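Below is one structure; the comments refer to it alone.
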Amino acid sequence: MNARPKITTPLPPRSTDRRTTAPRVAVPREPLDPARTGRRWVRRRARGMNADAAAAALDVARFDARQNSRHEDLAVAERGPAELGEWERIARLLADAPPGTVYDPVTDDVVRAELAADAAAAAARETELREAMRIAARADEFQALRELGTLAQSEPREGDEAVRDELTRRAGGYVQADVDAWLARALAAHLGHYRDPGRTRGSRRPAPAALLAELARLVPGTDIGQLVFAARIATAEPEATAALAAHLTHARSQAH
């Protein structure tokens, strides 16, 4: 018998399209704190306890601490001492309270202060995340404008100095010369948010623009392209930039 021919199905052609993905933004999270976890656990256990019950719980916690101290790995743990310290605090709190008082974390001033601090820290992390997302999106926009060759026609916005740093990070530390030149020219021409006179105390120009102007007066005929370094200085040390501009202004006034 003749062998039946083998039928093979050709593989589909490999796609050569490369899809670029948006840069990932790290989500700031509450740092892990074993000591805080231990204190919260104690508060849950202590809820509803009176002074006698808290004192008994403290005795147990002290016994556990002595037992754990015999084991090196447990003795150095952060959670155990934090739990013991919290039992001691709650026991003192109830001992000093009127008879019949039971522990309630809701009325504990220490707990309420921690909750307020936690809320403030969470709000700060949310603000940090939003700012990181804004910078990443603006950096994507910068890259698109550079590819189109229209970066020079755009105007800077508040926070674009941080976007420059993000582009440099993406490029592995490569100096973004075209972005620096664009920022320097925008500073000199007071474009975008650099036209806001309130950005520098005691001056009607932002600190970087004031520095560029003073440097241009110091060396007449200097092209703005030769002062690109001023934009990098302003990005790294804005307060120092303002101080240097003020110093040059003062020196020029003394010379006259």
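Keep in mind that what you see is a predicted model, and the values were worked out from it rather than measured.
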| said: Can you confirm whether Arg130 is buried at CZ, in the sense that more than 12 heavy atoms of other residues, nucleotides or ligands lie under 6.0 Å from that atom? | reply: no

| Heavy-atom pair of closest approach, residues Glu158 and Arg134 | O-NH1, 3.7 Å

| Under the 3.5 angstrom rule, does the side chain of Asp160 hit a backbone N or O of Arg157 as a donor-acceptor pair? | yes

| task | Determine, for Arg170 against Asp140, whether the closest basic-nitrogen to carboxylate-oxygen distance falls under 4.0 angstrom. | result | yes

| request: May I have all residue pairs that pass ring-ring contact (aromatic ring centres under 6.0 Å, His included) and include part of residues 128-157, sequence neighbours excluded? | output: Phe142-Trp182

| note | Grouping ILVMFWY residues whenever side-chain heavy atoms fall under 4.5 Å, the cluster of Val102 otherwise contains none

| task | Begin with the C-alpha distance, continue with both residues' side-chain angles, and end with the deciding distance and a verdict on salt bridge (Lys or Arg N to Asp or Glu O under 4.0 Å) for Arg45 and Glu83. | result | CA-CA 11 Å; Arg45 291 288 304 274; Glu83 290 181 4; over 6 Å; no

| request: Could you tell me whether the side chain of Arg89 reaches within less than 4.5 Å of the side chain of Arg39, counting heavy atoms only? | output: no

| When you check the gap from the basic side-chain N to the acidic O, do Glu128 and Arg125 get nearer than 4.0 Å? | no

| 4.5 Å side-chain heavy-atom contact, Arg146 and Leu167 | yes

| query | What's the shortest heavy-atom distance between Ala35 and Ala82, and which atoms? | reply | O-CB, 3.5 Å

| task | Measure the spacing between CG of Leu151 and CD of Glu141 and express it to the nearest 0.5 Å. | result | 10.0 Å

| Out of curiosity, Ile135 CD1 to Met133 CE, how far, rounded to the nearest 0.5 Å? | 12.0 Å

| task | State, yes or no, whether a side-chain contact exists between Arg62 and Glu88 at a heavy-atom distance under 4.5 Å. | result | yes

| request: Check whether any side-chain heavy atom of Gln153 sits under 4.5 Å from a side-chain heavy atom of Leu148, and report yes or no. | output: no

| message | Can you list, by chain and residue number, the hydrophobic cluster partners of Val42 when the side-chain cut-off is 4.5 Å? | response | Trp41, Met49, Leu58, Leu84, Trp87, Ile90, Leu93, Leu94, Tyr103, Val111, Leu115

| message | Tell me the closest heavy-atom pair linking Ala139 and Glu166, and the distance in Å. | response | CB-CG, 3.8 Å

